Participant: 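If you scroll down you'll find the structure; I have some questions about it.
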2 protein chains.
Amino acid sequence: MQFPLREKIAGEIALSEQPGKTMRKWREELRITQTDLAHHMRVSPSVISDYEAGRRTSPGIKTIHRLVDALLEIDQRTGQKLSKRFEEYSDVIPSMRDWSVGMRAGDFLRRIDGKLLTQKLNTRRLVNGYTVIDSIKAITTLDATDYLRIYGSTSERALCFTGVKYGRSPMIAIKAHPLKPAMVVYVQPENIDELAMKLADLEGILLARTELDQVELISRLERIA
Amino acid sequence: MQFPLREKIAGEIALSEQPGKTMRKWREELRITQTDLAHHMRVSPSVISDYEAGRRTSPGIKTIHRLVDALLEIDQRTGQKLSKRFEEYSDVIPSMRDWSVGMRAGDFLRRIDGKLLTQKLNTRRLVNGYTVIDSIKAITTLDATDYLRIYGSTSERALCFTGVKYGRSPMIAIKAHPLKPAMVVYVQPENIDELAMKLADLEGILLARTELDQVELISRLERIA
DNA sequence: TGCCCCTCTCGGCACATGCCGATAGTCTCT
DNA sequence: AGAGACTATCGGCATGTGCCGAGAGGGGCA
C-alpha cells in the first residue's frame with residue numbers, strides 16, 4: 001500500500017522548528033507508546049524520549065526514515081487507524097472533493113454565500129478542496145485519529161461543518177489535530193463562540209459561516225468545476 | 001505563498017535511500033547551480049557537492065530545511081518555475097482533477113475503456129486523480145520544469161496523453177522528471193513503441209491505451225464521482 | 001590558449017548525533 | 001501500598017555530521 005502520508009509526515013518533521021514535538025504529535029496521533037515505537041525501531045525507549053524532548057535538534061534523515069516507517073507499520077499491524085477506507089463514513093462526510101487547480105479562498109466563499117468571521121487573514125489563500133462534515137455524527141462516530149480521513153489529498157482545504165451549535169468543538173478538534181485546514185465554514189450555525197474565532201486566528205485558519213442549508217451547499221460545491 | 005511542495009521535497013529527500021541524489025534531482029530540476037545554492041545557504045560549494053556525491057549519508061534535518069528553503073527561494077527570485085499558475089495552460093491541459101477517494105487503477109481503466117499494455121503491475125494500485133495532456137502542445141509550450149504543473153495535489157494519478165504517435169516522448173519526459181504518475185494512458189495512439197513499455201516497466205508505472213476520442217474521454221472522466 | 005564558471009575530491013577539525021543504561025518521576029490498576 | 005507500564009533525565013562514548021579550503025578536472029567562450 002502506497003502512503004503519500006509517509007512523505008507528508010517525514011516532510012513535516014524535517015521542516016519543523018521543533019522536530020521532537022512533531023514526532024511526538026504523530027506518535028500520539030496514532031496512539032503509539034514510546035516503548036512500543038522504540039522496540040520497533042530497535043533502540044532503547046530513552047532514545048525516543050530524548051528526541052521528543054528536543055535533546056537532538058537536528059536528527060538525521062535515517063532516524064526520520066526509520067521513525068516514520070515504524071509509526072506506519074505499527075499502525076497497520078494494530079490499529080489500522082490510517083488504512084481504513086473513507087467509504088464507511090458517507091453519512092458523516094456527505095461530500096468531499098479536491099480540485100487540482102486551487103481556487104482563492106475569497107472566490108470559494110462567494111460560491112457558497114459565505115461570510116468571513118476572521119479579519120485580516122488574507123482571502124487570497126488557496127483552497128484545493130473541501131470536506132463537508134456532519135459535526136454531530138462526527139463526534140459520535142470518529143475518534144481522534146479518524147480525523148485524518150477528513151483530509152483528502154491536501155490539507156489546504158475548506159472544512160464545512162454542519163449541525164454546529166457554537167462552533168467550539170470543531171475548532172478544538174482542529175486545534176488538537178496535527179493537520180490544519182486552510183478554512184473552516186460553519187453551515188447554518190446557531191451561534192458563534194468567541195473562543196472559536198480566537199482559535200482560528202491562532203491557527204491561521206480562515207473562519208466563515210454560510211446560511212445555505214446542507215443540500216444547497218453540497219449542490220453548489222459539487223457544481224464547482 | 002504556501003507550498004505543499006516544500007514538504008513534498010523535504011519528505012522525499014528524507015525518505016530517500018540516496019538523499020544526495022534526490023537533492024541533486026531537485027536542484028537540477030530547478031536549474032540551479034551548486035555554487036548558487038551554496039551561496040544562498042551560506043556554505044561553501046564543496047558542501048553541496050559532498051552531499052550530492054553521498055559523502056554524508058544521513059544529513060540532519062536542519063540541512064534539509066535550509067536546502068529546501070534555498071531551492072524554493074532561488075526559484076521564486078529568478079525562474080519562478082514553480083510559482084506560475086495553472087490557468088495559462090488550459091489548452092495544453094484540457095482537463096484535470098483529483099478525487100479525494102482514490103479509485104483502483106483497474107476501475108479507472110474500465111471507465112475509459114482502457115486496455116493495459118504492461119503486464120504484472122497490479123491494477124489495484126490507487127489512482128487519486130487524472131490529467132489530460134495534449135502532448136504536441138505540451139512539447140512546444142512546457143519546459144521541463146513546467147511539468148510540475150501536470151501533477152495536481154497528488155502524483156498518484158493517471159496522465160492521459162493525446163496526440164501520441166509512438167508514445168516515446170511522454171515516457172521519456174516522465175523518466176526525466178522527479179515526480180512519477182501511477183498510470184499513463186495513451187489516447188488513440190497511432191502506435192506504441194517498445195521502449196515506452198520498457199520505460200513504464202522500469203518506473204513501475206501502469207501503461208494503458210484507450211480508443212476513445214478526447215471529447216468522449218474527458219466527458220467520461222468528468223462524470224466520475 | 002587562457003580565463004571563468006561549475007563541479008568533484010579529500011584531509012582535517014569541532015561538535016552533534018545516535019545510542020545506551022541507570023535512575024527517577026508519574027499514572028493506573030489492583 | 002505495591003506492581004507495572006509509560007515517560008523523563010542525564011552522563012558518557014563512538015561515530016558521523018557539518019563545514020572549510022586547497023587542489024584539480026572539464027567545458028565553453030573570447
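Each chain gets a letter, A, B and so on, in the order the sequences are listed, and its residues count up from 1. Values below: every heavy atom of this structure, side chains too, minus hydrogens, waters and symmetry copies. Note that the coordinates shown come from a computational prediction; the quantities given were computed from them, not determined experimentally.
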Participant: Any side-chain N or O of Arg24(B) under 4.0 Å from OP1/OP2 of dC8(C)?
Facilitator: yes

Participant: Grab the CG-P distance between Leu67(A) and dG18(C) for me, whole Å please.
Facilitator: 11 Å

Participant: Does atom CZ of Arg168(B) have more than 12 heavy-atom neighbours from other groups under 6.0 Å away?
Facilitator: no

Participant: Using a strict threshold of under 4.0 Å (side-chain N to carboxylate O), is an ion pair present between Asp69(B) and Arg6(B)?
Facilitator: yes

Participant: Figure out the CD1/C1' separation between Ile48(A) and dG18(C), and round it to whole Å.
Facilitator: 11 Å

Participant: Taking atom CZ of Arg209(B) and atom CG of Leu116(B), what is their separation to the nearest 0.5 Å?
Facilitator: 12.0 Å

Participant: What about Ser58(B): does its side chain form a donor-acceptor pair under 3.5 Å with the base of dG16(D)?
Facilitator: no

Participant: Whole angstroms only, please: what is the CG-P distance between Asp36(B) and dC5(C)?
Facilitator: 12 Å

Participant: Specify the separation, in whole Å, of atom CG of Leu37(B) and atom P of dC19(D).
Facilitator: 12 Å

Participant: What I want to check is whether an N or O donor and acceptor connect the side chain of Asp50(A) with the base of dC10(D) at under 3.5 Å.
Facilitator: yes

Participant: In terms of side-chain heavy atoms of Gln34(B), which of dT7(C), dT17(C), dT7(D) is nearest?
Facilitator: dT7(C)

Participant: Any donor-acceptor pair, under 3.5 Å, between the side chain of Ser46(B) and the base of dG21(D), if you only look at N and O atoms?
Facilitator: yes

Participant: Figure out the CD/C1' separation between Glu28(B) and dC8(C), and round it to whole Å.
Facilitator: 14 Å

Participant: Using a cut-off of strictly less than 4.0 Å, decide whether Arg31(A) has a side-chain nitrogen or oxygen near OP1 or OP2 of dC6(D).
Facilitator: no

Participant: Measure from NE2 on His40(B) to C1' on dC6(C) and round the result to the nearest Å.
Facilitator: 16 Å

Participant: Between dC20(C) atom C1' and Tyr51(A) atom OH, what is the distance in whole Å?
Facilitator: 12 Å

Participant: For Arg56(B) and dC19(D), what is the distance between atoms CZ and C1' respectively, to the nearest whole Å?
Facilitator: 8 Å

Participant: For dT9(C), does either OP1 or OP2 sit under 4.0 Å from a side-chain N or O belonging to Ser49(B)?
Facilitator: no

Participant: To the nearest 0.5 Å, how far apart are CD1 in Ile64(A) and CD1 in Ile13(A)?
Facilitator: 5.0 Å

Participant: In Å and rounded to the nearest 0.5 Å, what is the CD to OG1 distance from Glu52(B) to Thr22(B)?
Facilitator: 10.5 Å

Participant: So does Arg55(A) reach the base of dG11(D) with its side chain, donor to acceptor, closer than 3.5 Å?
Facilitator: yes

Participant: Between dC19(C), dT17(C), dA8(D), which one does the side chain of Glu52(A) approach most closely?
Facilitator: dA8(D)

